[in-house]
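Okay, structure first, notes after.
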Amino acid sequence: MRKYIPKQFESKWQQKWKKDKIFSPDLDKARKPYFALMMFPYPSAEGLHVGNMYAFTGADIFARFMRMQGYDVFEPIGLDGFGIHSENYAIKVNKHPMDLSKVTEERFYKQLTSIGNAFDWTRTVETYKPDYYKWTQWIFLQMYKNGLAYRKKAEVNWCPSCKTVLADEQVIAGKCERCSSNVTKKMLEQWFFKITQYAERLLKNLDTLDWSKKVLTAQRNWIGKKVGINMDYPIKNSKEVITCFTTAPVNFGMTFIVLAPEHQVVKKILDGTLRVSREQKQAVKKYVDGVLAKPLAQRISEAKEKTGVFTGLYAQNRIAGWDVPVWIADFVMSEVGTGAVQGCPGHDYRDFEFAKKFGLPIIRVVKGPDGNTSPIEKPEQVIVRGMKGTMVNSKFLNGLPFDQGLEKTMDYAEEKRWGKRVVSYHLRDWLISRQRYWGPPIPMIYCDTCGTVPVPEKDLPVILPYVENFRPAGTGVSPLASDENFYKVKCPKCGKEAKRETDVSDTFLDSAWYFFRYTSTEDSTQPWTSERVKKWLPVNTYIGGAEHSVLHLLYSRFLTMVFKDIDLISHFEEPFTRFRAHGLIISEGAKMSKSKGNVINPDEYISEYGTDTLRLYLMFIGPFDQGGDFRDEAISGPQNFLRRIWNLKEKIEDRTLTTEDAKWLHKTVEKVTSDMPSLKFNTAIASMMEWLNFLSKKKFVTKKEYKSLLLLLAPYAPHITEELWNQIGEEYSIHLQAWPKLDVEALTDEMVTIPVQVDGKVRSTIRIKYQEVSIQNQVIEKALKEERVKKYTDGKKYKVIYVPGKILNFVTS
RNA sequence: GCCCGAGUGGCGGAACCAGGUAUACGCGCAGCACUUAAAAUGCUGUGAGCCUAAAGCUCGUGUCGGUUCGACUCCGACCUCGGGCACCA
């Protein structure tokens, strides 16, 4: 008997599958197309780590299952190797990214083969190749032509370590998404995509998507829709007006206004347009300079302690009929709302702290449910929007419920033209420019005569040249700006000397449309062919990490909507019908990272245990959406399981199934099948193990049982099942066979075990014929004959609760 | 602070959607068989407590309460741990 040694056949089958192209569907003729997509990796680190493999394996198991369900499954793979992450890695290992890309590509594709996924290797996409980024640039041009790409001088996020600007989504709590450096602000002229124009649609469509809940929530929060009102407050003795955005206009409790240090009115104070006393002006200058000198992250972290300065100005709170002082404080952010806050200290925690600190009046205008109307003196007494309460001290609002009082204030303000209801979003336009080398050059030309001129489509791609000194300089321009051959061009309009845009685009633009390209990789004349896209998109199931909730997943949705609006596609506007976030594999209780030294490379495990064992182990750790801790010693479970299956073939005999055998078979088919759509691979594996335990106890197994077990296991352990399938003389390939059919009737037991409880405690069990479970009297009679039931019911009055086939309960009184 | 997710044996987890024998499956551990021995493999046992043992009884799914004949499951309040967002006005 040959022993189970994975090395002897795993790569053999991998080569054969690749050669026979059994996982390359005919994209034109496929009858039941199913696009099973997994987020493509960025080849930035030393190689694929076991966490990547975890995600790929889960996605692959589901895709293989769908194939065996009769679908023409398209499961493509590629590399997101353009962009800052790959470039940073190149800098780290001191190689040129263009050279390095060839090395990492080979390494990654080799690894991606070794993990045994059923990828379509005939249609790979690499974002850094000209035949791909040509179309990334083309998409940029379409955005520009349709007024969705614009260039603007703006205060933007700047990472001093990555030496480039960043999109809002790439700044996490004031720090760079990639390197965690403190992000600063810089005034630069940059390209933006108008994603804000799509805010409402991006939000609304979320209701229609079958996505992991946490991702939907994250997107909702990020888009951050708020319905409120912009209130106008005229500054006394001037023509200036301060507009404050608020969702809770508690005007009768409003005792001050606070401006962000960057606010226009502050600038006007400093340049003398708005007159205040010299002392006031100096105090303002001192405060504002101090705040602006601090990095954003520091400002946020220190802002718990309120600071501020009085401007010397007063504004009219016309609704309440009094004037309020105008202050400046760093807790007010210029990007939020209008950069000016109406201070209502009785009904906002921050305003309360501010008022306490500077001795400003605190007025209660809402009576809480407890009826208390005493002055608000502690933070816990503050009543904010959303709480229950009744308006007091508010003239014509008195007696109204809190929320109605707010609505009426807004009506009143609009009537008087002192305010205007607005909807505001947290979402900002997508900053696309990057002052880096390794990305698609933005296809724009600046001409002194003609202005901004897009590169004509026929001239695409704008090839990224091999630049020796590719490292970012930190000067606010890309390394391409020092390559004359690159930036010196003739204007496409007038033919005069002109200058190319030297920034490249954000790497998230590369990955925002790659799934379109997968369908049409052989077509060099267009980004995709409409027939193919019509047939294959939107993606049926997309699997990936939740860390892309507000980055990749939002940008992809945005671009797809734009494609629809400019008629590049016609039948959909949401790219991913179903999205599932996978969990993270941690090691030694912590996220894998090089600095912690706990990164697990799958290669060594594959060579020691085999791909199948590792796949099975990873899936068995826990629920796919939860991830789990990688522990070496637990691998032996799946390893034993596979070996026992290997050895089990010696027991195959030509026999027929008993009822008991059939029950186990179909029970397992039922469980493994129903666990698939919900990606509950861990319990599916457990049920196969249970079945194997049953089969092992028998003297022989039938061929039908053995074949069914192999088929159920095939998505999880593709190599050993193919090998055994071959060894027992079945037709190649197991992966193209139909999934085992479920016979529901085989599941029905002849005898049913019913637990018998007395007062909710199980005292015995009885066996009843399946056909007789509904005959209640007979069941009760039988139960009462049980010694232990008798013991607790004798001489007592009881009532009977019987759920047929499930449970019998005697409740004594 | 707000929003997600999760708390079950020594460990990973199952049952939770639809209330009905809690701890499936695996790891680990213990014992036995095989072996000169070990490894490997196979078999058996394995929530806690009381009890010489068995039978049996009691307790037991983060805490407190509720609904119910019956709650890991549903409802309310809270605690803890992950993850996300954040002076968002």
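Letters A, B, ... mirror the listed sequences (proteins, then strands); counts begin at 1. The figures that follow rest on heavy atoms only: side chains count, while hydrogens, waters and symmetry mates do not. As the structure is a prediction and not an experimental result, all values here were calculated from the model.
Contact annotation: A:Lys214 does not reach the phosphate of B:G83 (side-chain N/O to OP1 or OP2, under 4.0 Å). In this structure, A:Tyr792 reaches the B:C57 phosphate: one of its side-chain N or O atoms is under 4.0 Å from OP1 or OP2. Contact annotation: A:Arg763 side-chain N/O to B:U21 OP1/OP2 distance is not under 4.0 Å. OP1 or OP2 of B:C88 has at least one side-chain nitrogen or oxygen of A:Arg350 nearer than 4.0 Å.
Remark: RNA chain B takes part in the stems B:1-7 with B:79-85, B:10-12 with B:25-27, B:28-33 with B:41-46, B:47-50 with B:56-59, B:62-66 with B:74-78, each of 3 or more antiparallel Watson-Crick or G-U pairs, criterion distances under 3.5 Å.
Residues passing the side-chain contact (heavy atoms from CB on, under 4.5 Å) test with A:Ala260 are A:Glu262, A:Val332, A:Ser334, sequence neighbours excluded. Applying the side-chain contact (heavy atoms from CB on, under 4.5 Å) criterion to A:Ala340, with sequence neighbours excluded, gives A:Ile242, A:Cys244, A:Leu259, A:His263, A:Thr338. The ring pair (Phe, Tyr, Trp, His ring centres under 6.0 Å) check on A:Phe641 picks up nothing, with sequence neighbours excluded.
Looking at the side chain of A:Lys761, the nearest of the listed nucleotides B:C59, B:A89, B:C25 is B:C59.
Within 90° of 0 lies the glycosidic angle of B:G9, which makes this nucleotide syn.
Residue contacts for A:Asn693: at a heavy-atom cut-off of 4.0 Å it reaches the sugar-phosphate backbone alone, with no base atom in range.
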Point to revise | Contact state string [nucleotides 14-20 of chain B, B base, S sugar-phosphate only, - no protein heavy atom under 4.0 Å] | key: S-----B
Revision key, fill the gap. A correct 5'-to-3' footprint of nucleotides 42-49 of chain B, with B, S and - meaning base, sugar-phosphate only and no protein heavy atom under 4.0 Å, is S-------
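Neither side chain, A:Asn251 nor A:Thr409, offers a donor N or O lying under 3.5 Å from an acceptor on the other.
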